[in-house]
Each structure stands twice: as structure tokens, then as C-alpha cells.
Amino acid sequence: MGASLPPKEANLFKLIVKSYETKQYKKGLKAADAILKKFPDHGETLSMKGLTLNCMDRKSEAYELVRLGVKNDVKSHVCWHVYGLLYRSDREYREAIKCYRNALRIDPDNIEILRDLSLLQAQMRDLTGFVETRQQLLTLKPNHRMNWIGFAVAHHLNSNGSKAVEILEAYEGTLEDDYPPDNERCEHGEMLLYKIFLLEECGFFERALEELRKKEMKIVDKLAYKEQEVSLLVKLGRSEEAAKLYRMLLSMNPDNYRYYEGLQKCVGLFKDNGDYSSDEIDQLGDLYKSLREQYTWSSAVKRIPLDFLQGDKFREAAFNYIRPLLTKGVPSLFSDLSPLYEQPGKADILEQLILELEHSIRTTGKYPGREEKEPPSTLMWTLFFLAQHYDRRGQYDVAVSKIDEAIEHTPTVIDLYSVKSRILKHAGDSAAAAALADEARCMDLADRYVNSECVKRMLQADQVALAEKTAVLFTKDGDQHNNLHDMQCMWYELASGESYFRQGDLGRALKKFLAVEKHYADITEDQFDFHSYCLRKMTLRAYVEMLKFQDRLHSHAYFHKAAAGAIRCYIKLYDSPPRSTTEEDNDKANLPPSQKKKLKQKQRKAEARAKKEAEGKSEESSASGVSKSGKRHVKPVDPDPHGEKLLQVEDPMSEATKYLKLLQKNSPDSLETHLLSFEVNMRKQKILLAFQAVKQLLRLAAENPESHRCLIRFFHKVDSMTAPVTDTEKLIWSVLEAERPAISKLQGKSLMEANECFFHKHEDSLMHRAAAAEMLHVLEPKKKSEAIKLIEDSTNKLVPTNGALGPVPEWKLKDCIAVHKLLKIVLVDQDAAMRWKVRCAEYFPYSTYFEGNCSGKYSSAYNQILTNPENVGANHPGVGADVIASSNGKLEAFKDLSIST
């Protein structure tokens, strides 16, 4: 201990601790060295010096000194505490907990160590230990409010809400009647709301309502008070009181959808599936009519009836809702109404309604039955809506003609170009979509959203370099993708990862996907500081919600995409491992002299280009690395910018399994999770795990084409296996034999019969036919021509609609592309693939993949529209003259894209 030192050195030791706390690390280091000159084996000083060095990014030295300190003074709680702090700084929480426990064996009542231990236990969800530690803290310091609250929260997290309520009531018993003072009213009110929240969670609704009303004067957050009260009234079945309170809440915020839903529940007119009888629809119509008269300015009260109204009443309500928004020019109108397209018949009614409005405005300049003249922009917004409508229905040619007409009407509206970009993306022309998105971006260089949408389109068109240079226009100091990573810009990293994967650059793709995974690790880490902050500030309800959110964090869609992307990369790496340097050298040695010369020239040019890019980036970083004060910020250099080291894994399947386990834990109801599990385990020869994946697929979607593929492939693999020899193989075999009859699709059928049955059941579906054809080829390779015929006999049936343009073709572009790849790569029939390509080019004329007659038409058509050079220049830092055309600010990369005739 510091006290065992002479007085002078003991004061120096205190100075080390103070310097560490105030971040004066050099001063602390100097004091530590002064002690160690006289007492070189003093364990606590060695530990504190190590802790100080750790803060100065000298980790290896820090660990050596702290370990030496523990060795020299193994019975010092300070040494063990410091060792724990060192592990905590490196996120080694389990090791840190061990160190804290060792420190507490020596000094069981040390409040600082107990507090640090409780934070780690909350972080690691060691809830039993968390309860024990918080109880110990409360016993040692019962006059500290935070210890009472912490003990209550610990019991709540440990699924003991009633005990948490008892603790909070015991804490209230220690308070005086006039508590709280004015400066603590908010915190005390939050504590009371948390207590009522606990009572509600435990099912004590009557008691919670009584407590809430009793403490009304002490609760500052009146909105939270009313929402809590109405929630309790609903659960107690006191619907009339709850309805009155919901109406009061609606008077405060008439656009809150939850209040309308709650009011419907109170009057007995709410169903989750939205399947109402005609009488219920009439009652709901009357309810919302009265509410509309009361809250005339509310948008929600006009929008919600569109969800349940039918027929002519829906048409009338839709007309009244849409008309003022078209006049006003609200770009998000279609997004607002798009959920209605999931309800049968409503899309047709909307189409007829908007077409009537369009016709009336064209001929009379007015809405039907109206005397007021509409402004010219109303026609443009009507065309804008229609373009999105036809895009949603897959009628891309009509959508393009409508949006072109809108652009011709008013060529200065940015949203028109953005929507046209989206239409062309859906139609299959990604390059044209990127060109149009860039057109929209150049019209307002200060709009971050439009810039981001342009970047997204460029990445979908696999123009990664251009996308990066466009994205960094809105990053700090124009720095490259480092800032995008620091900002946790996950949509960008996912989109660029997918683009690299499509291009076969697995290293860069993996790097992007794993960067997203790191963001989630950082988000998990970020909760650490809130364990003490929330208890101190009494934001207890938000704290508990945050912990619940963290527990389901890895079920978020972005993490699922990143993990699935990484697994696909590892699968591809396993299937096609990178060639070794020796193999490449041997191939080069066998080349003729002329080709060797060409290869060397190509390598020299690539090296020169890479050198030039590196110099440009270093100049940018040196320019952006100087702050206003003149200080230079040294940024860490990425040692593996292209992800080459990530490809050098010995066992790609073991790496894939790490992410697969996370998906299985957090996304068990996702079909993709089990498809990936099947692919990984089949490659690892883990037969039972692969079978488990098949069973999960059949549970989730037995009739899905992918589920059928996996089922047939699995049992085909099992049937082709040699007879079991070892005890393990015999056990696996017996499990499969016992389970196989339980699968309804295989009961009493061979695999060929099951496949044929599947085909006949779904012969009208293209993807089901393709799956059946592929499995026929797997089971009987000699029947390849028959398998191809199954696909080619598919008909693109028309889906009947009541729209003005009649039925809509059923086939989707992505499905047709998948079938083409199946014919070309799996069935290996180039003639059949070409026939399919020609056929699909007629269905998808804008698709660049199928080279339709309209593909590429718009890629450069907009290349010369903007003629203002001010649109670029300073707004494109880091983009060279070879990328930007100085005449109009358009990206030169699009100049080679021709207009087809």
C-alpha cells in the first residue's frame, strides 16, 4: 500500500493517483519513477505506472509493469484493482471481474472496487452477482440514494419486480414528507414513474393506479403520467374512463397514431389484422367523422380511415385526403399511401381516382366537381404520383413515360429525378439510375439526403470509386472513408460490401461486412457508461428499455445483412480458395515471352496508379489533418486497406460458423439464417447440423423453393454416402432413419417422386419450376434437357387487375436473372441461357443484364443537362479533373455510356 512507504514517497504515490484521475499522465509517470528509484520492487507503484502507460498507448509495457506489481505484492487490493482496470480498458470484462473479485478478497468493503465490479456485472448480464454486489454497496452506504435505486434495478433485471418495488418503498420510507426539494423533483418523479411501471409489470394494476394518482403532485412529467394512467385503465377494463383520457391526449397531440389505436380499443373497434365487419366499418367511420370535426388540422384522423374503409367510401375518403396534398405538392404522398397496396382492390381504386384527377386537370385545370382553378404544379405532382404507382405495379414503361412528362413540365424539381432513378433501378438499368441520381445531386449540392441516395445508386451500379468520392463530400475535412466508418455509416458499408461481393473482390467485401459487425460491438460497448449515469440521473425507465434493446441488438436487420454477407464471402472463399504465390509464379513461367512482357507492363501501370492514389490520399490527409489551431492530428493508417489479410484464413468455415451462431441465436425465424446454416454445415460434413437446418426451413416455409432445394440435396447426399462404419456414423444414420418418415414431403416417396410432386403443386410459379428443374438435374444428371424444358415451358402469366392498363406480368426481374444464372452456370447450357436472355429482354426492356432494347437509353441522355460549372469545384474536394467534366459538373465516367437507337 501507499501508506507503507515513507511520508515523502507516500505523498508522491497520492500524486500518481491524482495525476491519473486528472489525466496528467507525464506528471504521474515522473512521480512513479521517483518512487521506483528508491523502491524498485514496490508493487502498487509499478501497477500505477503501468496504468498510466496504458493511457499513453504503451500497452505492452503497461501489462508487464502491472503483472510485475501483482507478483511483487499479491496481497494488495490496489494491484488487483489496477489489473482489473487494465483488462476493462481492453474490454476483457471477464478477466477484469476475476481481478476485482481477488481485490475484494483482500478488502471486502472497498466501495470503489464494489462499484466498478457492479458496472461490469451489469455489462456482462451477471445478474445474480449484480444483485449481490448492489446489496453489499447498500449495506455499506445506506444513506446514498444511488445504492437504493441500484439495488432495486438489479432485482428488476433479475426478474424479481416485486422485490424491486419493496426496496423502492423502503427507500421512500427513509424520506421526509416535504421531499423532494425543487432541484430534485424531476429525478424523484422519474423514480415514482419507474415504481409504477414495476407494479404494472408485476400485474398489480389496481395498486399501480392508486399509487399513481396518490403521487400525482410529485410527478413532473405530466404526459408520461397520463399515458401511464390510460395504460392502467385499459388493463383494468375501465374503458369509458380510458376513452375520455385518450380524447384528452388527442387534444394534446392529434397526430399520434397510438392514441387513435387506444381509443379504438376502448370502444371495442380494434383488430390487429384489420378484418372488420361492415357494421364495425360503419361505426369506425362515424367515430373518425366526429374526430375529424374536432381535430380539423390533424393529418392522422384523415389518413387512418383509409386503412379500414372499402369501396365507394374508401374512394371518397381517398379523394378528400389526396386532393389537398397534390395541390400543396407533398412528395411523400405515395410513401404515405403505399401500405394500402397490400389490401386487395385498393390499388386499383387509387389508380382510377388519380387518372380521373389527371384527366380533369388536363382538360379543365380543376378537380372534378370543383370550381377552384388548380395551380400548374398540381398536374406535375399528379404525374409524379402516377409514376410511382406504375413503378410499384411493375409497369416500368408507363412509369417512365409519366415521370418524363413531369420532368418536361417542371424540369427544376429534384424529386422527379430521384424517383426516375428509382424507377430505372427497379427496371434493371442501374447505370442509368446512378446517372439520374447524380443529376438530382447536382441540382442541390447542399442536400445530404440527395447525396446519400446518389451514392447508394452508384454502389448498386458497382461504381464504388465514384460512390466513395461522392460520399466524402459530406464528411469532415473531406477525409476518405475513415470518417464514414467513424460515423458508423452502416448503409454505405453494406452497400459497398455487396458491390465488392458482386465484383468478386472478397477481401474488400469482407472488410466492409466486418466493419459493420465492429459497429455493433461498439454499440454494445457504448452502454457501459450508462450503467452509472442512468442510476445517478434517475432515468430508470429509459435505462431498462436501453438494456432490453441491447439484449436484442444483434437481431437488427443491418447486423443480419452484414453477418450473412460475411458468411457468403467465407463460403465463396472456401469453394474457390485464392491461389498461392508459387502457383502464380509457375503459371507466369509457362507463358510465352510476348505475354510475359504484356503482363509486366500491366503490373508496372497498376503499381504506378496505386502509387499515385496513395500520394493523393496522403496529401489529402496531411491537408485535412491540420486543425484550426495549427495542430496536426495523426490518424491511424489502415495496415490492410484491401482486406487481403482477411482472405488468408486457414479455415474459412470456422470463421463463417462464428457469425452463423450469432444469426441462429438472434434471427432464428429468418429463412436466410437456416439456408446459410445448411450451406456451411454441408461443407463441414456436419450432417446432423445440416439436417437441423433443413427441419428449420421446413418449419418456416415448407413450400419455399430454397427449402425444397435443401431438402432434396440433403437426402441425395445422405443416400450417396457409404455405409456407416464407426459408432458415431451409425448413430447419425439411426437418427436420420428415425426422422425421415416424419417429413411429410417424403412420406412413402422417393426423392424423384417428391420432386415431381413439388413441381406439379407449383407448376405456375417460375421459381418453383426452376427449383424442381435444378433438383431433377441433381438427381438425374442425364435428364438435363428435360430439366431445361421444365424451365423453358414456363409462361409469364398476367396478374389480373382492375387498373386502366389491364393485367400485369407476374415474373420479377431478379427471379428471371436467377433463372438465367441457373441455366448458364449450374445446368451449363449456353444456348438455353441465350434463349432465356432473348425472351426476358422482351419482358424487361430496360434491363442492362438482359440487354433490353431500352437499356442504356438514359445512362448518358442526362449527361449534358446541367451547364453550370459552379455545381462542382470546391464541392468535389479530392475528385480530380479526370473525374469531373468542367463544363457541366457531370461525372465523366458516364461519358462512354451510349444511347441505344
Side-chain angles (χ1 to χ4, degrees), residues 571 671-672 674-683 685 687-722 732-733 735-797 810-812 814-829 831-833 835-836 839:
I571 289 173
L671 205 67
E672 188 179 23
H674 304 295
L675 287 171
L676 291 169
S677 173
F678 176 79
E679 296 295 343
V680 169
N681 287 307
M682 285 294 278
R683 283 164 175 77
Q685 302 294 317
I687 300 299
L688 287 182
L689 290 175
F691 181 58
Q692 186 183 56
V694 169
K695 289 188 72 176
Q696 291 293 339
L697 288 168
L698 294 175
R699 175 183 67 85
L700 291 169
E703 300 302 324
N704 186 283
E706 296 297 335
S707 301
H708 177 71
R709 279 188 176 97
C710 293
L711 176 68
I712 301 297
R713 278 177 56 199
F714 177 78
F715 281 105
H716 179 62
K717 167 81 173 174
V718 170
D719 292 345
S720 62
M721 288 168 62
T722 56
I732 292 170
W733 199 270
V735 169
L736 294 176
E737 288 297 315
E739 289 283 345
R740 187 165 183 165
I743 298 172
S744 59
K745 297 181 79 174
L746 295 180
Q747 281 178 353
K749 298 172 191 167
S750 67
L751 293 181
M752 282 292 288
E753 289 170 343
N755 190 51
E756 191 175 340
C757 182
F758 178 82
F759 167 73
H760 288 303
K761 191 173 182 180
H762 303 285
E763 60 184 342
D764 292 336
S765 165
L766 172 64
M767 295 309 290
H768 287 80
R769 289 179 77 104
E774 184 183 349
M775 291 304 100
L776 175 62
H777 177 62
V778 167
L779 295 170
E780 291 284 350
K782 293 178 182 177
K783 293 186 177 182
K784 185 169 86 168
S785 57
E786 189 179 327
I788 292 168
K789 191 174 185 300
L790 286 182
I791 295 172
E792 292 188 328
D793 286 348
S794 306
T795 53
N796 191 4
K797 293 190 176 179
E810 185 181 28
W811 289 359
K812 304 298 180 190
K814 65 176 183 179
D815 293 342
C816 290
I817 291 173
V819 171
H820 180 263
K821 289 178 179 176
L822 172 66
L823 290 167
K824 187 177 179 180
I825 299 166
V826 180
L827 298 178
V828 198
D829 191 317
D831 293 336
R835 290 195 299 272
W836 184 259
R839 185 180 177 185

Asker: Side chains of M721 and I687: closer than 4.5 Å at any heavy-atom pair?
Answerer: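 Heavy-atom side-chain distance check passes, below 4.5 Å.
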Asker: Is it the case that atom NZ in K824 sees more than 12 heavy atoms from other parts of the structure closer than 6.0 Å?
Answerer: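 No, NZ of K824 has 12 or fewer neighbouring heavy atoms, counting only those of other groups under 6.0 Å.
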Asker: For a side-chain contact (heavy atoms from CB on, under 4.5 Å) check, start with the C-alpha distance between I732 and L688, then their side-chain angles and the critical distance, and finish with the verdict.
Answerer: CA-CA 7 Å; I732 292 170; L688 287 182; 4.0 Å; yes
Asker: What heavy-atom pair brings P741 and A738 nearest, and what distance separates the two atoms?
Answerer: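 Scanning both residues, the minimum pair turns out to be CD-O, 3.5 Å.
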Asker: Using a strict cut-off of less than 4.0 Å between a Lys/Arg side-chain nitrogen and an Asp/Glu carboxylate oxygen, indicate whether D719 and R740 qualify as a salt bridge.
Answerer: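 A salt bridge is present here (some side-chain N lies under 4.0 Å from a carboxylate O).
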Asker: Please determine if E706 and R709 form a salt bridge, counting it only when a charged side-chain N lies under 4.0 Å from a carboxylate O.
Answerer: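 Here E706 pairs with R709 in a salt bridge, since their nearest N and O are under 4.0 Å apart.
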Asker: Hey, are the side chains of N681 and F714 touching, using non-hydrogen atoms and a 4.5 Å cut-off?
Answerer: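 Contact flag for N681/F714 side chains = no.
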Asker: Supply the atom-to-atom distance L671 CG to L697 CG, rounded to the nearest 0.5 angstrom.
Answerer: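 Atom-to-atom, L671:CG and L697:CG are 5.5 Å apart.
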Asker: Using every non-hydrogen atom in the two residues, find where A754 and I712 come nearest and quote the distance to one decimal.
Answerer: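 Distance-wise, the nearest heavy atoms are CB-CD1, 4.5 Å.
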Asker: Does L711 reach the side chain of V694, with side-chain heavy atoms less than 4.5 Å apart?
Answerer: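 Yes, at least one pair of side-chain atoms sits under 4.5 Å.
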Asker: What pairs with R713 under salt bridge (charged side-chain N to carboxylate O under 4.0 Å, His left out), at least two apart in sequence or on another chain?
Answerer: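 E679.
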Asker: For L822 and A770, which heavy atoms make the closest approach, and how far apart are they?
Answerer: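 Closest heavy-atom pair between L822 and A770: CD2-O, 3.7 Å.
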Asker: Any sub-3.5 Å donor-acceptor pair from S794's side-chain atoms to L766's backbone N or O?
Answerer: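 Looks like no, no N/O pair under 3.5 Å.
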Asker: Can K814 and M767 be said to form a side-chain contact (heavy atoms from CB on, under 4.5 Å), step by step?
Answerer: CA-CA 10 Å; K814 65 176 183 179; M767 295 309 290; over 6 Å; no
Asker: Name the residue from M752, K789, H777 that meets the side-chain contact (heavy atoms from CB on, under 4.5 Å) definition with K783.
Answerer: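 Only one of M752, K789, H777 forms a side-chain contact (heavy atoms from CB on, under 4.5 Å) with K783, namely M752.
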Asker: With rounding to the nearest 0.5 Å, note down the distance linking CD1 in I788 to CG in D793.
Answerer: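 Going from the CD1 atom of I788 to the CG atom of D793 covers 11.5 Å.
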Asker: Would a 4.5 Å heavy-atom cut-off, applied to side chains only, mark S677 and L689 as touching?
Answerer: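 In short, these two side chains do not touch, never coming nearer than 4.5 Å.
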Asker: Taking the side chain as C-beta and beyond, is there a heavy-atom pair between L827 and E774 under 4.5 Å?
Answerer: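 The answer is no; the side chains never approach within 4.5 Å.
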Asker: Are the side chains of R839 and H820 in touch, meaning some heavy atoms are under 4.5 Å apart?
Answerer: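 SC-SC contact between R839 and H820 ruled out.
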Asker: So, taking the atom named CZ in F759 and the one named CG in L776, what distance separates them when rounded to the nearest 0.5 Å?
Answerer: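 Reported value, rounded in 0.5 Å steps: 9.5 Å.
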Asker: With rounding to the nearest 0.5 angstrom, report the NE2 to CE distance, H716 to M775.
Answerer: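 That separation rounds to 9.0 Å.
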Asker: Are more than 12 heavy atoms from other residues, nucleotides or ligands located less than 6.0 Å from atom NZ of K695?
Answerer: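 Open: at most 12 neighbouring heavy atoms sit under 6.0 Å from NZ of K695.
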Asker: Measuring from atom CD1 of I791 to atom CZ of R769, what distance do you get when rounded to the nearest 0.5 angstrom?
Answerer: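 Here the rounded value is 9.0 Å.
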Asker: Ignoring hydrogens, what is the shortest heavy-atom contact between A690 and M682? Give both atom names and the distance.
Answerer: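 Of all heavy-atom pairs spanning A690 and M682, the closest is CB-SD, 3.8 Å.
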Asker: Near K761 NZ, under 6.0 Å, is it more than 12 heavy atoms from other residues, nucleotides or ligands?
Answerer: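 Count not over threshold, so no.
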Asker: Using the side-chain contact (heavy atoms from CB on, under 4.5 Å) rule, take K821 and I817 through it: C-alpha gap first, then chi angles, then the decisive distance, then the call.
Answerer: CA-CA 6 Å; K821 289 178 179 176; I817 291 173; 3.9 Å; yes
Asker: Could you state the interatomic distance from CG (L746) to CG (L698), rounded to the nearest 0.5 Å?
Answerer: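 Answer rounded to 0.5 Å: 8.5 Å.
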Asker: Just jot down the ring-ring contact (aromatic ring centres under 6.0 Å, His included) partners of W811, sequence neighbours excluded, or say none.
Answerer: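 W836, Y843.
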Asker: Would you check if H708 and K745 make a side-chain contact, meaning some heavy-atom pair closer than 4.5 Å?
Answerer: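 Touching, per the 4.5 Å side-chain cut-off.
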Asker: With sequence neighbours left out, write down each residue that passes ring-ring contact (aromatic ring centres under 6.0 Å, His included) with H762, or none if nothing qualifies.
Answerer: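 With neighbours one apart ignored, the set is F758, H768.
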